[in-house]
Enquirer: 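Pasting a structure below so you can have a look.
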There are 2 protein chains.
Amino acid sequence: MPKLSEAPSHIQVLRASHLMASLSEEHLLGIAGDSKLAHAERGELIWLNGTETNFFGVVGTGFVKMMRSTPTGQDVTTELMGPGQVFGLLGVIDGSGCPQSAQAVCATWYLQVPKARFLEVYDQNLILKEKLLKRTTHRLRNSYAMFARMSAGKVEQRIASILLILAESYGIEQGAEVLIDVPLTRQDISEMAGTTVETTIRILSKWQKSGLVATQKHRIILQKPELLAEMV
Amino acid sequence: MPKLSEAPSHIQVLRASHLMASLSEEHLLGIAGDSKLAHAERGELIWLNGTETNFFGVVGTGFVKMMRSTPTGQDVTTELMGPGQVFGLLGVIDGSGCPQSAQAVCATWYLQVPKARFLEVYDQNLILKEKLLKRTTHRLRNSYAMFARMSAGKVEQRIASILLILAESYGIEQGAEVLIDVPLTRQDISEMAGTTVETTIRILSKWQKSGLVATQKHRIILQKPELLAEMV
DNA sequence: CCAGGAATATGACGAAGATCATACTATTCG
DNA sequence: CGAATAGTATGATCTTCGTCATATTCCTGG
């Protein structure tokens with residue numbers, strides 16, 4: 001039995017979420033009461049594509065990747081959700097379920113918010129709806145941006161793009177360097193870049209040798225972010 | 001001067017749009033009155049990425065492609081908008097402008113709806129907001145689906161995917177065959193599939209020879225849609 | 001502290017597809 | 001009607017990257 005990291009409290013998780021935090025104290029407590037805190041190991045599937053779920057998730061600690069499996073069996077990661085981020089919500093709202101799989105990238109605590117309870121609140125909360133549209137708009141744009149980069153560029157550029165995007169969301173600046181504070185394997189990165197592990201390893205090794213990036217304990221440090229940005 | 005196809009009326013264009021048609025007659029007429037019907041030749045830019053616009057568009061007749069130019073100069077088409085479809089709306093609503101370029105793929109009539117006028121109506125129309133979220137959700141999912149196909153598959157599969165998706169939106173069934181009723185060049189298709197014209201031509205030529213598809217006057221006919229679907 | 005599994009690393013090889021070059025075919029315009 | 005331009009076609013060559021094979025290193029649990 002692996003030792004679990006400290007579990008966050010229900011209400012803590014909700015408060016840390018930009019989207020959820022816009023609810024009134026009363027609603028927040030109500031939802032927190034009905035939700036269930038769950039833990040997932042690295043690699044554990046939270047749900048499988050298309051599965052009709054009666055809950056959506058809010059990441060507490062750790063990371064969850066949203067992915068689609070292509071007919072040929074290859075997995076492609078479309079989004080990486082970190083602490084405070086909500087996943088599978090859109091499928092709950094329009095009742096069609098989430099077409100993507102959700103999988104933990106590392107030991108992760110997340111909150112399972114039951115559909116019925118949330119919809120009651122959602123239906124009469126205009127601010128929440130506005131926020132959701134804003135967030136969805138933002139995701140759509142990011143998706144198009146990634147789409148363009150992934151379908152046009154060479155593999156090096158794709159990997160560079162991925163690292164830069166991750167740095168934007170989860171980067172911690174350390175002087176001129178940026179630490180991407182997500183425990184990712186080369187396999188994870190290759191799934192985001194739509195390439196193979198071997199190629200990813202080769203490129204990252206090359207970059208390590210030339211002092212572009214460094215890795216420590218599954219965490220990547222961009223030592224020359226500007227140079228990386230130049231090559232995309 | 002090229003002879004223009006018959007211009008549709010303002011109100012006709014709005015009524016043909018699923019999104020706009022949900023407005024009240026009064027609002028619809030108001031917006032129609034303030035809008036401007038515009039024409040664009042094949043290849044004409046309607047706006048360039050990021051340009052702050054004071055209008056969004058509704059396609060009347062013809063087609064508009066939304067695209068991003070990568071730093072390396074290659075264009076990638078993310079969406080193809082046909083009659084009744086709205087483009088650039090999200091940028092108007094959140095005031096940030098549209099990050100993509102809009103370009104006519106053929107002679108196109110479209111309506112320019114001024115930002116200010118529309119926002120008045122939008123701000124107090126709940127149904128419209130709901131519809132917009134639904135539409136945006138749908139686009140986001142499509143985008144992820146395409147993303148997965150484009151970053152994983154081989155070029156043949158990518159092109160097959162593109163054709164099937166186009167057939168879904170703009171296909172006219174003719175017995176077992178499907179005519180994609182959009183005038184597209186190989187160049188257009190290659191931009192959607194993220195590949196080169198030459199490769200696209202080679203693959204389509206091969207498919208023509210084997211009776212999978214046929215082309216007439218920039219329009220593609222899927223003769224064996226099932227076979228195409230099998231290969232994605 | 002050692003064993004075993006997971007992650008990283010590296011080489012050899014081949015196939016897919018980009019690039020360059022050139023020709024052919026339609027459609028449009030003067 | 002004939003020239004010009006945009007689109008389609010096809011071959012030759014070179015690169016990139018996927019595939020397979022095999023080490024090596026790093027962790028974690030017993």
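Order of the sequence lines sets the chain letters (A, B, ...), proteins ahead of strands, with each chain counted from 1.
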Enquirer: Using C1' atoms of five pairs at each end, report the bend of the helix from C:dC1-D:dG30 to C:dG30-D:dC1 rounded to 10 degrees.
Expert: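 Comparing the axis at each end, I get an angle of 40°.
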Enquirer: Between the protein and nucleotides 4-6 of chain C, which nitrogen or oxygen pairs are less than 3.5 angstrom apart?
Expert:
none

Enquirer: Return yes if some donor-acceptor pair links the side-chain N/O of B:Ser151 with the main-chain N/O of B:Phe147 below 3.5 Å, else return no.
Expert: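 A pair under 3.5 Å: yes.
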Enquirer: Report the distance from atom CG of B:Leu184 to atom C1' of D:dG7, rounded to the nearest whole Å.
Expert: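 After rounding, the gap between these two atoms is 13 Å.
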Enquirer: Establish, with yes or no, whether the OP1 or OP2 oxygen of D:dT8 is under 4.0 angstrom from a side-chain nitrogen or oxygen of B:Arg186.
Expert: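 For B:Arg186, the contact criterion (side-chain N or O under 4.0 Å from OP1 or OP2 of D:dT8) is met.
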Enquirer: Restricting to pairs with a member in residues 216-226 of chain A, which pass side-chain hydrogen bond (donor to acceptor under 3.5 Å, both in side chains), not counting sequence neighbours?
Expert: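 Listed once each, the pairs are A:Asp181-A:Arg219.
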Enquirer: Could you check whether any side-chain N or O of B:Ser143 sits under 3.5 Å from a backbone N or O of B:Arg139, counting only pairs where one atom can act as donor and the other as acceptor?
Expert: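 Not confirmed, B:Ser143 side chain does not pair with B:Arg139 backbone.
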Enquirer: Assign the ring pair A:Trp109 / A:His39 to parallel, tilted or perpendicular, where the plane angle (0 to 90°) is split at 30° and 60°.
Expert: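 Perpendicular, since the angle between the ring planes exceeds 60°.
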Enquirer: Could you check whether A:Lys65 pairs with A:Asp75 (Lys NZ or Arg NE/NH1/NH2 to Asp/Glu carboxylate O, under 4.0 Å)?
Expert: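 Salt bridge absent between A:Lys65 and A:Asp75.
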Enquirer: Base, sugar-phosphate alone, or nothing: which one does B:Lys206 contact when heavy atoms must sit under 4.0 Å apart?
Expert: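 Contact class for B:Lys206: none.
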Enquirer: Once side-chain hydrogen bond (donor to acceptor under 3.5 Å, both in side chains) is applied, what residue pairs with a partner in residues 170-179 of chain B remain, sequence neighbours excluded?
Expert: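 Counting only pairs at least two positions apart or across chains, the side-chain hydrogen bond (donor to acceptor under 3.5 Å, both in side chains) contacts touching residues 170-179 of chain B are B:Gln85-B:Tyr170.
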Enquirer: Would you tabulate the pairs of protein nitrogen or oxygen atoms and nucleotide nitrogen or oxygen atoms of nucleotides 19-28 of chain D closer than 3.5 angstrom?
Expert:
from	atom 1	to	atom 2	distance (Å)
D:dT19	O4	A:Arg202	NH2	2.9

Enquirer: Figure out the CG/C1' separation between B:Leu204 and D:dT10, and round it to whole Å.
Expert: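 In whole Å, D:dT10 C1' and B:Leu204 CG are 14 Å from each other.
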Enquirer: For B:Thr195 and A:Gln187, take the nucleotide of DNA chain C holding the closest heavy atom to each; which residue's nucleotide lies nearer the 5' end?
Expert: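 Result of the comparison: A:Gln187.
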Enquirer: I need the CD1-P distance between B:Ile201 and C:dC20, as an integer number of Å.
Expert: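 About 16 Å, once rounded to whole Å.
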Enquirer: When all nucleic acid strands are considered with a 4.0 Å heavy-atom cut-off, which category describes A:Gln208: base, sugar-phosphate, or nothing?
Expert: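 The residue A:Gln208 makes sugar-phosphate contact but no base contact.
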Enquirer: Grab the CD1-C1' distance between A:Ile203 and C:dG11 for me, whole Å please.
Expert: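 Rounded to whole Å, this separation is 16 Å.
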Enquirer: Using the test ring pair (Phe, Tyr, Trp, His ring centres under 6.0 Å), find all partners of A:Phe56 that sit at least two apart in sequence or belong to another chain.
Expert: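 A:Phe56: ring pair (Phe, Tyr, Trp, His ring centres under 6.0 Å) contacts with A:Phe118.
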Enquirer: Can you check the B:Gln157 CD to D:dG18 P distance for me, whole Å?
Expert: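 So the two atoms are 13 Å apart, to the nearest Å.
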Enquirer: Please determine whether a side-chain nitrogen or oxygen atom of B:Ser205 lies at a distance below 4.0 Å from atom OP1 or OP2 of D:dT10.
Expert: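 Yes, within the criterion.
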Enquirer: Between the side chain of B:Thr200 and the main-chain N/O of B:Thr196, is any donor-acceptor distance below 3.5 Å?
Expert: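 Answer holds: yes.
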Enquirer: Do any N or O atoms from the side chain of B:Glu44 and from the backbone of B:Glu41 form a donor-acceptor pair under 3.5 angstrom?
Expert: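 Such a contact is found between B:Glu44 side chain and B:Glu41 backbone.
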Enquirer: Please tell me if the side chains of B:Leu163 and B:Leu204 come closer than 4.5 Å, counting only heavy atoms from C-beta onward.
Expert: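 Of all side-chain heavy-atom pairs linking B:Leu204 with B:Leu163, at least one is under 4.5 Å.
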Enquirer: To the nearest Å, give me how far apart CZ (B:Arg219) and C1' (D:dG7) are.
Expert: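 Between C1' of D:dG7 and CZ of B:Arg219: 15 Å.
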Enquirer: Are any of the side-chain nitrogens in A:Glu156 or A:Lys206 under 4.0 Å away from the carboxylate oxygens of its partner?
Expert: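 Salt bridge: yes.
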Enquirer: Rounding to an integer number of Å, can you tell me how far B:Ile159 CD1 sits from C:dA16 C1'?
Expert: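 After rounding, the gap between these two atoms is 13 Å.
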Enquirer: Any side-chain to backbone donor/acceptor pair from B:Ser169 onto B:Leu166? Under 3.5 Å, distance only.
Expert: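 A pair under 3.5 Å: no.
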